[in-house]
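This report refers to the structure that appears directly beneath it.
Just so it is clear, the values below take in all heavy atoms, side chains as well, and ignore hydrogens, waters and symmetry mates. Letters A, B, ... mirror the listed sequences (proteins, then strands); counts begin at 1.
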Protein chains: 2
Amino acid sequence: MDYRAEEFPPFAVTVDVVALTVRQDELHVLTVRRGEEPNLGALALPGGFVRPDEDLPQAAARELAEETGVLDASAYLEQLGTYGAPDRDPRMRVVSVAYLALAADLPDPRAGGDASDSAWLPVATATAAPLAFDHAAILRDGVERARAKLEYSSLATSFCPPEFTVSQLRRVYEAVWGVALDPRNFHRKVTGTPGLLVPTGRSVVDGPGRPAVLYRAGSATALHPPLTREP
Amino acid sequence: MDYRAEEFPPFAVTVDVVALTVRQDELHVLTVRRGEEPNLGALALPGGFVRPDEDLPQAAARELAEETGVLDASAYLEQLGTYGAPDRDPRMRVVSVAYLALAADLPDPRAGGDASDSAWLPVATATAAPLAFDHAAILRDGVERARAKLEYSSLATSFCPPEFTVSQLRRVYEAVWGVALDPRNFHRKVTGTPGLLVPTGRSVVDGPGRPAVLYRAGSATALHPPLTREP
DNA sequence: ATAATAGTGTCTTTTAGACAATATCAC
DNA sequence: GTGATATTGTCTAAAAGACACTATTAT
């Protein structure tokens, strides 16, 4: 180290959240319209400064809760990466720790707060729009992380409510990956993975067709072997 | 955001590097002995403050070069994660961005510098020793990341010199995973993955036995399907 | 010649992927 | 009944794992 502790260069540290959910069989991301400069009025990811005595995941959960109005303990939260290019914020040197949040379909964001407007947007819409700062790169990385992790982990269940059917889980995969999966092979794969799904014993009917068995997520976190996107 | 830009709480930002290499068929990590308080004399990962106009990967590469004495452009560097618990450094609020570096067997670290002593230690030795700050967790995460990525990526070639044999590559897997692999099936797997290995046309003899063909790393970065640790 | 390592071929088991067939609902 | 969705079963192709066998070197 070439600096002594008393002479450390001060940085601002923020968290930004890529919050994903599946609505109407389509992957959506939580976005805000910036209520202040710079980039006033631009589309952005929810986020803000980390408080002096706050842990990083705690800050991410707080920012997410402030936007959704729901402190959803069921939401999955993992660190995505840290973005710290010297010029990423024109005001000062800001290092942002990005988090990836996955949740079952949440209610629409509440009004008010710093963000003058926040909403769930289809990911395709958000990636096509200009985003503030380097949020386009963060969003791209977050979506890619989610897509990759569905292959070899039980992460898809984080997009589902506490109890769900195999069809619901399959529709999550189809929405996140943007592909169609064979319902029969998918069913065999996920029900055949030990510890992934726990049957509740109950079934639900939704429209026509045979009732589907309700499952809860099991203790398994890894898929061995993985589900693959490409053949 | 509840803070305005002018009122942001100042943080110190550091980088820490988990530098891994394979020496004598064993996974090693680069460690330093701290030359100052706190934790003076304790074993730690190399790292230091990010400079005001320096990018994060650049800071990690600089710290690595300062310890190894070699600015090895061939070293693989990826962000591992960010560690920012409010009490992780007793002096002040420090957020550390950890990087994972993988390299072919490098020379022993040079003497001098802030770190009074730095050396390549077997990972088993380093994880058993008490490390400064939260470096034990960072090291554990780095090793686990490397282990996991060998499964589905071409990352193992980063542990090899520019030209290497299939045996060398296999010994990397065996050292990192701590398992024995069947040389014949391994050979078939890696040579059968398109774009992973490019034959140089030359061979090398090393001790008794048939000469081994020399390869360079190809353009493939993913292993589809993956090599699995557990059956 | 013997031992050691590199590389090829073969067999079995597992799993993915295609898809037929059955079960149970709404209408 | 008809159509839709859920679930099970069957077949085929690809790949992993076990391992016999050949190739080429040092000693």
Side-chain angles (χ1 to χ4, degrees), chain A residues 24-25 150-152 156 160 163-175 177 179-216 220 222-231, chain B residues 24-25 150-152 156 160 163-175 177 179-216 220 222-231:
Chain A
Q24 294 127 19
D25 295 338
L150 288 207
E151 290 198 20
Y152 55 91
C160 295
E163 299 193 344
F164 53 92
T165 67
V166 172
S167 286
Q168 280 180 277
L169 188 63
R170 175 171 49 82
R171 270 184 267 273
V172 166
Y173 274 91
E174 293 178 331
W177 284 351
V179 298
L181 299 177
D182 186 297
R184 299 159 291 184
N185 292 336
F186 182 86
H187 189 284
R188 180 159 45 88
K189 172 72 179 178
V190 296
T191 55
T193 299
L196 182 64
L197 300 180
V198 179
T200 63
R202 281 169 296 115
S203 308
V204 283
V205 289
D206 176 35
R210 175 169 166 178
V213 174
L214 272 178
Y215 293 89
R216 284 181 294 102
L223 253 51
H224 261 303
L227 259 161
T228 49
R229 282 179 278 182
E230 37 197 340
Chain B
Q24 295 127 20
D25 295 340
L150 288 207
E151 290 198 20
Y152 56 90
C160 296
E163 299 192 343
F164 53 90
T165 66
V166 172
S167 286
Q168 280 179 276
L169 188 63
R170 176 170 48 81
R171 270 184 266 273
V172 166
Y173 274 91
E174 293 178 329
W177 284 352
V179 298
L181 299 176
D182 185 298
R184 301 159 291 187
N185 291 336
F186 182 84
H187 189 284
R188 179 159 46 88
K189 173 72 180 179
V190 296
T191 57
T193 299
L196 181 64
L197 300 180
V198 179
T200 63
R202 282 170 295 115
S203 306
V204 284
V205 289
D206 177 34
R210 175 171 168 176
V213 173
L214 272 177
Y215 293 89
R216 284 181 295 101
L223 254 49
H224 263 303
L227 259 161
T228 48
R229 280 180 279 183
E230 39 197 339

At less than 3.5 Å, do the side-chain atoms of R188(B) and the base atoms of dG17(D) form a donor-acceptor pair?
yes

Presence of H187(B) side-chain N/O under 4.0 Å of dA6(C) phosphate oxygens OP1/OP2
no

Rounding to a whole Å, what distance do you find between E174(B):CD and dT5(C):C1'?
13 Å

Which heavy atom of D25(B) sits nearest a heavy atom of A175(B), and at what distance?
O-CB, 3.5 Å

DNA chain C: 5'-proximal contact among P211(A) and P226(A) (nearest heavy atom):
P226(A)

Quick one: on DNA chain D, does R184(B) or P225(B) contact a more 5' nucleotide (nearest heavy atom)?
P225(B)

Residue mapping more 5' on DNA chain D - nearest nucleotide basis, P208(B) or R171(A)
R171(A)

Provide, to the nearest angstrom, the distance between the CG atom belonging to D182(B) and the P atom belonging to dC11(C).
17 Å

Provide the closest heavy-atom pair for C160(B) versus L169(B) in the form atom of the first, atom of the second, distance.
SG-CD1, 4.0 Å

Quick one: are the ring centres of F164(B) and Y215(B) less than 6.0 Å apart?
no

Would you mind reading off the distance between H224(B) atom NE2 and dA16(D) atom C1', rounded to a whole angstrom?
17 Å

With a sphere of 6.0 Å drawn around CG of D182(B), does it hold more than 12 non-hydrogen atoms of other residues, nucleotides or ligands?
yes

Report which part of the nucleic acid S203(B) touches: base, sugar-phosphate, or nothing (heavy-atom distance under 4.0 Å, all strands).
nothing

Hey, does the side chain of T228(A) come within less than 4.0 Å of dG17(C)'s phosphate (OP1/OP2), counting only N and O?
yes

F186(A) CZ - dG9(D) P separation (whole Å):
19 Å

Please name the pair of heavy atoms, one in L181(A) and one in F186(A), separated by the smallest distance, quoted to 0.1 Å.
CD1-CD1, 3.9 Å

Can you tell which of dA6(C), dC19(C), dG17(D) lies closest to the side chain of N185(B)?
dG17(D)

Round to the nearest Å and state the distance from E151(B) atom CD to dA16(D) atom P.
13 Å

Check whether any side-chain nitrogen or oxygen of K189(A) sits under 4.0 Å from OP1 or OP2 of dA16(C), and answer yes or no.
yes

Ignoring backbone atoms, test whether R210(A) places a side-chain nitrogen or oxygen under 4.0 Å from the OP1 or OP2 oxygen of dA26(C).
no

For L227(B) and dG17(D), what is the distance between atoms CG and P respectively, to the nearest whole Å?
8 Å

From CG of L181(B) across to P of dG17(D) the rounded distance in Å is 9 Å

